[in-house]
Number of protein chains: 2
Amino acid sequence: MQAYQPIDEHLIEQVSQTFKALSDPTRIKILHLLFQKECSVNEIAEHLNMNQSTISHQLKYLKQMHLVKKRREKTMYYYSPDDEHVMILLEQTIKHTKHTT
Amino acid sequence: MQAYQPIDEHLIEQVSQTFKALSDPTRIKILHLLFQKECSVNEIAEHLNMNQSTISHQLKYLKQMHLVKKRREKTMYYYSPDDEHVMILLEQTIKHTKHTT
DNA sequence: ATAATATATGATCATATGTTCATATTATAA
DNA sequence: TTATAATATGAACATATGATCATATATTAT
């Protein structure tokens with residue numbers, strides 16, 4: 001008889017949410033871009049060649065997850081990463097995947 | 001004018017698939033359990049108090065992603081982790097989340 | 001051979017997710 | 001104050017996802 005670590009449902013839920021945030025190609029592209037350079041919404045949309053609306057929706061999602069933050073400058077909002085651990089997780093995985101396949 | 005790293009669609013797709021595998025509570029529980037101990041399908045189902053069918057489906061998913069492997073013993077299949085990097089990613093994030101919130 | 005046990009699989013269904021369109025909001029510039 | 005620019009938002013839609021049910025498959029024991 002072995003004692004397993006009991007499952008903390010709330011913890012598992014949080015962990016899954018973190019990974020879910022990183023499970024979409026658009027969000028990965030956004031985060032990876034912001035990792036390189038703070039960007040406005042339009043800059044992101046142009047760089048990724050995607051709808052401004054799509055980017056806004058995903059930024060809202062990332063903001064609610066506290067993965068990005070924004071600052072205003074004139075009429076623009078500049079977004080940047082706001083969770084170091086998650087960014088490390090992402091960049092680490094990109095690097096590892098690149099050197100594996 | 002800054003030169004950004006060009007986006008490798010295929011790479012991003014692979015990375016997102018890895019995170020997607022880790023974005024579901026049931027799969028996290030399965031992997032976390034297998035991290036502690038090699039288990040048969042029924043052992044997993046009983047431990048997690050879930051349907052055998054549900055577990056089988058998720059194990060198939062994880063197997064196709066090369067995140068778990070199985071070995072036969074009599075009528076049973078024993079599953080265990082098969083991707084060290086992904087397991088490190090998971091355990092690291094569980095640990096970090098635990099100590100953060 | 002047959003029954004029992006363990007696992008796999010296909011279909012179905014409800015819900016979640018991501019994108020787009022149209023439009024609202026907000027701040028600056030003229 | 002009005003026009004413009006940048007961003008946010010809500011509704012709608014198509015697709016993806018995860019669980020369940022019923023049943024198939026495969027191996028062992030009798």
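This is a predicted model, so every value here is computed, not measured. Protein chains get the first letters and strands the later ones, always in sequence-line order, with residue 1 at the start of each.
Contacts of B/Y78 with the nucleic acid, taken as non-hydrogen atoms under 4.0 Å apart, are absent.
Between B/L62 and B/R27 there is a side-chain heavy-atom pair separated by less than 4.5 Å. Considering only heavy atoms from C-beta on, A/K37 comes within 4.5 Å of A/E43 through its side chain.
Atom C1' of nucleotide D/dT25 and atom CE of B/M76 are separated by 18 Å, given to the nearest angstrom. B/Q52 has its CD atom 12 Å from the C1' atom of D/dA24, to the nearest Å. In this structure, A/R72 atom CZ and D/dA8 atom P are separated by 9 Å, rounded to whole Å. Counting to the nearest Å, the P atom of D/dT9 and the OH atom of A/Y77 are 9 Å from each other.
Across B/M87 and B/L31, no two heavy atoms sit closer than the pair CE-O, 3.2 Å.
Searching all strands for a Watson-Crick or G-U wobble partner of D/dT30 with both distances below 3.5 Å returns C/dA1.
Exactly one residue among A/M76, A/K63, A/E38 makes a side chain to side chain contact (heavy atoms under 4.5 Å, CB included) with A/K70. That residue is A/K63.
To the nearest 0.5 Å, the span separating CD on B/E46 from SG on B/C39 amounts to 10.5 Å.
For residues 68-95 of chain B, the ring-ring contact (aromatic ring centres under 6.0 Å, His included) pairs, not counting sequence neighbours, are A/H96-B/H85.
Mapping heavy-atom proximity under 4.0 Å, the span of DNA chain C touched by chain A runs 5' to 3' from C/dT17 to C/dA29.
For the pair A/Q17 and B/S56, nearest-nucleotide mapping onto DNA chain C gives the more 5' position to B/S56. Toward the 5' end of DNA chain C, the nearer of the two residues A/R27 and A/S53, judged by each one's closest nucleotide, is A/R27.
Side-chain N/O atoms of A/K63 include none lying less than 4.0 angstrom from OP1 or OP2 on D/dA8.
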